Amino acid sequence: MSTLQSPRTSGLVSDLTAGKLPRFAPALAAVIALGIGALAALLIGGGLLATVLFAAVAFLVVLPAWYAVVEGRRAAVDRLVTCLVWSALAVALVPLVSLLWTVVHHGARQLDATFLGQDAFITALHQPTGILHAIVGTLLITLTAAVMSVPLGIFAAIYLIEYGAGSKLAAAIRFLVDVMTGIPSIVAGLFAFALFTLLFGPAYRSGLAGAAALSLLMVPIVVRSTEEMLRLVPNELREAAYALGTPKWRTIVKVVLPTALGGIVTGVTLATARVVGETAPLLLTAAITTKVNLNVFDGFMTTLPVMVYSSQAKGHPEDFDVAWGAALVLVLIVLVLNIVARIVGKIFAPKTGH
Amino acid sequence: MTATTAEKMTETPSNRLGDRIFSGLALAAGLSILVALTGVFAFLLIRGWQGLSQDASFYDAPRANDFLHYVWPLVFGTVYAAVIALVIAVPLSIGIALVISHYAPRRLATPIAYVIDLLAAVPSVVFGLWGILVFAPAMVPTYGWLDDHLGFIPLFAGNEGGGVNPVGRTILTAGIVLAIMVLPIITSITREIFAQTPRLHQEAALALGATRWEMIRYAVFPYARSGMVSAVMLGLGRALGETMAVAMVLSAGKSLVTFNLLGNESSTTIAANIASNYKEGTPGKVAVLIATGLVLFVLTFVVNFLARLIVARAERNTTR
Amino acid sequence: MIATSARRVLPAVAALALGVSLTACGSSDDKSATPSSSDTANLSSLTGELNGAGSSAQEKAQGAWAAGFQGLTDGNVTVNYNPVGSGDGRTQFAQGGVDFAGTDSYFKDDEGELSAANKRCGEDIIEVPAYVSPIAVFFNVPGVKELNLDADTIAQIFDGKIKNWNAPEIAKLNADAKLPDLAITPVHRSDDSGTTKNFTDYLGKASGSWSYDAADAFPVKGGLAAEGTSGVVAAVTNGKGTIGYADESQVGDLAVAAIKVGEDFNKPTAEGAAAVVDISKAVEGRPATDMAVDIDRKTTEAGAYPLVLVSYLVACQHYDDAAKADLVKGYLTYVLGDGQAAAADEAGSSPLTKATADKALAIVEKIAAK
């Protein structure tokens with residue numbers, strides 16, 4: 001509009017900037033929204049939380065509306081989605097931060113050499129105890145479960161995508177894997193308990209039985225996530241390999257799996273994280289002890305979640321402290337596993353353009 | 001759809017052997033899943049069969065007198081809690097996945113992804129502890145506000161005599177806690193898939209003048225649809241099967257069917273009910289609980305079946 | 001590593017323990033059943049693992065007992081107690097999965113549980129009370145620290161019949177208290193539990209207003225439900241106008257009601273709880289090795305507190321393995337003797353009276369190898 005009167009050169013510049021909101025627009029909108037929120041909270045009632053909520057809603061209305069007026073509908077929708085997406089993150093971060101902070105706040109003061117370096121075997125009351133036996137148990141049982149379910153899950157996914165694609169059997173397996181995700185952990189525990197006591201006698205408790213129960217929960221997550229990642233590997237890659245005369249299995253090992261590795265690692269990490277916190281099945285199958293047990297095939301084994309559960313169930317303040325400490329260590333262990341998995345994924349993933 | 005017949009071209013003996021072993025392994029892995037699931041099903045059937053028809057006292061007698069009346073409120077509670085969890089978690093997860101894959105600068109995206117993954121690792125018990133000590137009490141004022149202002153909607157009606165659950169242990173709380181537990185699962189898988197969308201598709205969309213959202217809507221989502229469905233299904237499975245956190249957070253009313261989100265007592269879930277009552281169970285009661293496990297198994301089956309049907313129909317409509 | 005090496009040397013240990021058990025048997029005849037240091041002196045030669053499972057109410061006490069017993073055996077014995085719950089503990093014992101079990105309700109034969117356990121042992125099982133703990137009725141009402149209640153009033157509160165703290169039924173019992181106009185929110189266990197069974201048993205027997213059977217599952221709709229003892233305590237603490245029931249040792253700083261016994265109002269005490277076990281009648285038709293009692297909820301004995309949980313330890317009279325028999329015998333002897341004081345300190349339970357403990361020790365004394 002004003003460009004009509006301007007000289008031609010500057011007109012070109014303002015053409016590009018015309019119909020654009022200034023950079024401070026979101027900030028201004030936020031201030032306006034906050035005002036509206038406070039006013040609404042004042043009128044309808046409600047505290048600080050209500051103010052923030054109303055302000056957020058107002059912001060989601062004000063800013064896109066402004067865009068709609070100045071830049072048009074498409075830009076407004078784009079801006080709205082951007083706002084929504086970031087608010088999704090903000091909303092999710094609130095409980096997340098609260099949760100992590102609670103664990104760290106209660107757990108951090110527990111961490112010392114005794115707590116981490118000793119088991120809970122004591123020969124008199126009020127001796128200092130630690131959680132070393134539970135750390136060892138968690139690592140061994142989770143590792144065993146991963147060894148059992150990761151190859152199984154990946155091979156099953158390979159079958160679903162590479163060999164059985166389109167077949168009735170593959171469709172049935174895919175469906176059953178979905179059903180399998182809904183098996184409650186306690187049922188998995190009861191099943192593993194029944195199976196192993198049937199095979200090895202009624203007194204058989206071991207980390208292996210616990211790991212078997214956890215595998216039931218892990219396998220479907222590994223299969224599902226791996227399957228999705230394999231599906232995304234472009235067919236051109238496979239065909240290029242075939243064209244070079246590479247047999248199918250070598251194509252899968254050398255081309256398909258490395259391409260999907262990042263996603264597979266994520267899936268495996270997720271599956272591990274899912275089961276590392278399980279309580280009920282392990283209480284049945286691996287029971288609980290106070291000593292370090294390095295034999296997965298025989299003898300009681302305690303894991304960190306079992307320790308958290310049994311400590312909090314005792315209900316005395318000092319037991320709650322132990323529970324939080326063990327919970328924090330568990331989260332840290334998973335964090336480390338996560339980082340290691342990502343590094344592994346990075347190292348073995350093929351170099352891509354971006 | 002990805003299988004090709006290219007292997008015909010390379011039929012040297014060693015390769016054929018390698019291929020045969022490899023495909024055999026893959027098939028065996030697939031079949032072992034069938035075997036495992038059949039095993040679980042058989043176990044549930046054998047141990048639970050007796051629980052389907054027993055003396056009324058095994059079904060918490062004054063409240064329910066037979067298996068159907070015992071299990072129906074649990075089925076309702078299971079589905080209700082899972083629906084609440086998914087309604088909250090799915091949009092949030094997809095939003096966060098988009099932030100990580102498309103919106104946030106790389107430096108910010110990686111730590112966000114870490115933090116969300118970390119959430120997947122927090123044990124159920126800790127979710128339960130946090131739920132009863134921090135989250136549920138914190139929600140009480142909000143629930144009171146909802147009851148005051150939206151009480152005319154039956155969902156927010158609260159207790160009969162007025163007021164809401166004084167400690168916040170409602171099915172809404174349980175649903176939100178479940179949503180937080182499900183969120184990392186859906187987020188991690190969808191963000192991987194979003195990130196896999198071919199660069200070319202995206203750049204082509206942008207080059208045609210699409211805004212970022214239009215690019216996501218027309219290039220990323222169609223590509224990622226099947227993966228998003230898988231991710232949601234995994235989340236649903238977790239929500240249906242979660243035990244400890246629900247058991248700890250929920251104020252469970254036995255044999256109760258209510259949509260009320262804020263009341264003193266809520267319908268509980270099958271998995272939580274098994275976990276909290278298995279401990280003291282006599283053999284007869286344990287049979288009843290395992291029979292409810294069988295029902296959950298069938299329920300998961302049906303829910304998955306329906307979901308697949310709906311997805312298949314939706315896909316047929318969009319391709320037309 | 002420790003566990004594996006223990007297993008590898010098991011035969012040697014068994015042989016050694018056999019010798020020990022022979023000397024123990026030889027000397028046991030002339031000893032009284034009271035726990036004494038001389039009785040526990042030869043414990044230091046025991047080695048191995050002792051596995052138990054059952055009642056989660058006993059868990060804290062079992063921790064104290066394990067520590068004490070492991071000390072007496074110079075750290076050569078490991079006691080593992082798996083708090084899977086009474087029901088599962090009984091099942092695991094009957095299946096032979098554990099050496100001993102802890103249970104909040106005694107073995108019954110309605111569903112063949114007792115027969116199964118007897119079959120496992122090949123004879124009558126040993127069942128002795130080991131953990132007695134008063135169940136407190138506790139509340140969170142602003143301005144009220146002391147509260148007197150009788151069984152009828154408690155029954156009506158938990159049945160949802162009395163809805164307000166200033167109801168005349170409560171006011172009548174508490175002339176001095178300033179009762180607010182506040183809705184009562186009764187809190188019960190959402191999971192099946194021995195605590196609920198004892199609580200409902202008390203209400204059913206001691207009051208005329210409770211029409212439900214004693215059961216592990218709380219029978220009334222309405223009110224607030226919470227998982228586990230710690231859940232109930234948290235719910236009562238976080239709520240306002242709440243009242244709940246839980247193991248007295250875990251109630252913490254919350255106010256505890258005094259319940260009417262005879263003409264007095266008694267708060268839970270260790271002596272009052274243990275006394276009730278003495279005056280309760282033994283369950284009929286039980287062999288001499290079974291000390292199961294039906295608790296006398298209607299007692300009017302001065303100082304008694306009839307709202308108690310009595311949790312038992314279950315074992316066999318004879319074990320195939322001599323070492324195992326010595327371990328079980330040694331552990332149970334310790335638990336019923338010195339262990340009672342340790343559990344009282346650590347878990348807040350009520351030590352058994354001498355009469356009950358002596359009777360139980362006489363039974364445990366007979367544990368031997370087959």
Side-chain angles (χ1 to χ4, degrees), chain A residues 46 74 77-78 81 84-86 88-89 91-92 95-96 98-99 102-103 152 155-156 158-159 161 163 165 173 176-187 191 194 221 224-225 228 232 235 242 245 247-249 263 266 270 273 276-277 279-280 305 308-309 312 327 330-331 334-335 338, chain B residues 1-3 6-7 10 15 18-19 22-23 25-27 29-30 32-34 36-37 40 43 92 95-96 98-99 103 117-126 129-130 134 145 180 183 185 188-189 192-193 196 211-213 227 230 233-234 237 240-241 243-244 271 274-275 293 300-301 304:
Chain A
R74 286 175 56 212
V77 172
D78 187 48
V81 172
L84 281 176
V85 157
W86 282 100
L89 180 69
V91 167
L96 209 155
S98 157
L99 183 72
T102 310
V103 174
L152 185 71
F155 269 109
I158 289 175
Y159 174 76
I161 291 296
Y163 288 102
I173 291 176
L176 290 178
V177 166
D178 279 349
V179 175
M180 210 170 164
T181 59
I183 295 179
S185 53
I186 177 113
V187 169
F191 172 71
I221 303 184
R224 266 338 228 135
S225 49
E228 284 313 323
L232 293 180
N235 243 352
Y242 295 148
K248 186 163 184 173
W249 71 277
T266 302
L270 207 62
V276 78
T279 318
V308 174
Y309 173 72
Q312 67 90 20
L330 183 60
V331 172
V334 175
L335 181 68
N338 208 330
Chain B
M1 73 204 73
T2 52
E7 65 258 48
T10 56
N15 281 342
D19 246 349
F22 205 76
S23 72
L25 278 177
L27 181 64
S32 67
I33 288 177
L34 276 182
L37 214 64
V40 173
F43 163 76
L92 284 183
I96 297 169
L98 281 178
V99 167
Y103 281 85
D117 278 354
L118 206 54
L119 204 56
V122 178
S124 306
V125 185
V126 174
L129 274 179
W130 174 76
V134 180
W145 188 88
I180 302 170
L183 191 125
I185 294 184
S188 309
I189 297 176
E192 285 296 333
I193 295 163
Q196 295 281 337
T211 61
R212 186 152 49 169
W213 164 240
S230 287
M233 290 310 234
L234 274 184
L240 287 175
T243 29
M244 228 57 210
I274 297 177
T300 321
F301 211 89
N304 273 298

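Since the model is a prediction, treat every value here as computed from it, not as a measurement. In what follows, every chain begins at residue 1, and chains take the letters A, B, ... in the order their sequences are listed.
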Closest-packed option against chain A by number of heavy-atom pairs under 4.5 Å, given Ala26(B), Ala36(B), Gly241(B): Ala26(B)
Specify whether Phe22(B) and Tyr163(A) have parallel, tilted or perpendicular ring planes, treating 30° as the upper limit for parallel and 60° as the lower limit for perpendicular. tilted
Which atoms of Leu119(B) are under 4.5 Å from chain A, going by heavy atoms: the side chain, the backbone, both sets, or neither? side chain
Could you measure the distance from the CD atom of Glu228(A) to the CG atom of Leu234(B)? Nearest 0.5 Å is fine. 9.0 Å
Only pairs of heavy atoms separated by less than 4.5 Å count here; which of Val99(B), Ile33(B), Leu240(B), Leu34(B) has the most with chain A? Val99(B)
Does any non-hydrogen side-chain atom of Ile186(A) lie less than 4.5 Å from one of Met244(B)? no
Contact origin within Ser32(B) toward chain A - heavy atom pairs under 4.5 Å: side chain
Looking only at heavy atoms, which two atoms of Ala156(A) and Ala29(B) are closest? And how far apart? N-CB, 3.5 Å
Between Ala271(B), Gly237(B), Ala275(B), Gly293(B), which has the largest tally of heavy atom pairs under 4.5 Å with chain A? Gly237(B)
Per-residue contact mode, Thr102(A) against chain B (heavy atom under 4.5 angstrom): side chain
Residues, nucleotides or ligands: over 12 heavy atoms within 6.0 Å of Tyr103(B) OH: yes
Measuring heavy-atom distances to chain A, does Ile193(B) have an atom under 4.5 Å in its side chain, in its backbone, in both, or in neither? both
Between atom CG of Asp19(B) and atom CH2 of Trp249(A), what is the distance when rounded to the nearest 0.5 Å? 8.5 Å
Heavy-atom contact with chain B under 4.5 Å, split by part of Ser98(A): both
Taking side chain as everything from C-beta outward and backbone as N, CA, C, O, which of these in Thr243(B) sits under 4.5 Å from a heavy atom of chain A? Side chain, backbone, both or neither. side chain
Below 4.5 Å, heavy-atom pairs only: which of Val81(A), Ile173(A), Val276(A) has the largest tally toward chain B? Val81(A)
Using a cut-off of under 4.5 Å on heavy-atom pairs, state which of Leu98(B), Ile180(B), Val40(B), Leu183(B) scores highest against chain A. Val40(B)
dist Leu129(B):CG -> Gln312(A):CD (nearest 0.5 Å) comes out at 5.0 Å
Proximity breakdown for Leu37(B) and chain A, heavy-atom pairs closer than 4.5 Å: side chain
Heavy atoms only, distances under 4.5 angstrom: which of Leu232(A), Leu152(A), Leu99(A) has the most pairs with chain B? Name it, please. Leu99(A)
Taking side chain as everything from C-beta outward and backbone as N, CA, C, O, which of these in Ile189(B) sits under 4.5 Å from a heavy atom of chain A? Side chain, backbone, both or neither. both
Taking all heavy atoms of Ala327(A) and all of Val308(A), pick out the closest pair and write down the distance. N-CG2, 3.7 Å
Output, in order, the C-alpha distance, side-chain angles, deciding distance and verdict of side-chain hydrogen bond (donor to acceptor under 3.5 Å, both in side chains) for Arg74(A) and Thr211(B). CA-CA 7 Å; Arg74(A) 286 175 56 212; Thr211(B) 61; 5.3 Å; no
May I ask you to name which of Val331(A), Val91(A), Thr266(A), Thr279(A) has the most heavy-atom pairs under 4.5 Å with chain B? Thr266(A)
Heavy-atom cut-off 4.5 Å, strictly under: side chain, backbone, both or neither for Leu84(A) against chain B? neither
Part of Leu330(A) within contact of chain B (heavy atom distance under 4.5 Å): side chain
Between Val177(A), Asp78(A), Val334(A), Leu89(A), the one whose heavy-atom pairs under 4.5 Å with chain B are most numerous: Asp78(A)
What part of Val134(B) gets within 4.5 angstrom of chain A, counting heavy atoms only: side chain, backbone, both, or neither? side chain
Work out which heavy atom in Gly95(B) is nearest to a heavy atom in Ala88(A); give both atom names and the distance. CA-CB, 4.1 Å
Hey, could you give me the CG/CD1 distance between Leu25(B) and Ile158(A), rounded to the nearest 0.5 Å? 9.0 Å
Does any heavy atom of chain B fall under 4.5 Å from the side chain of Val103(A), the backbone, both, or neither of them? side chain
Would you indicate whether the side-chain heavy atoms of Thr181(A) and Met233(B) approach each other to under 4.5 Å? no
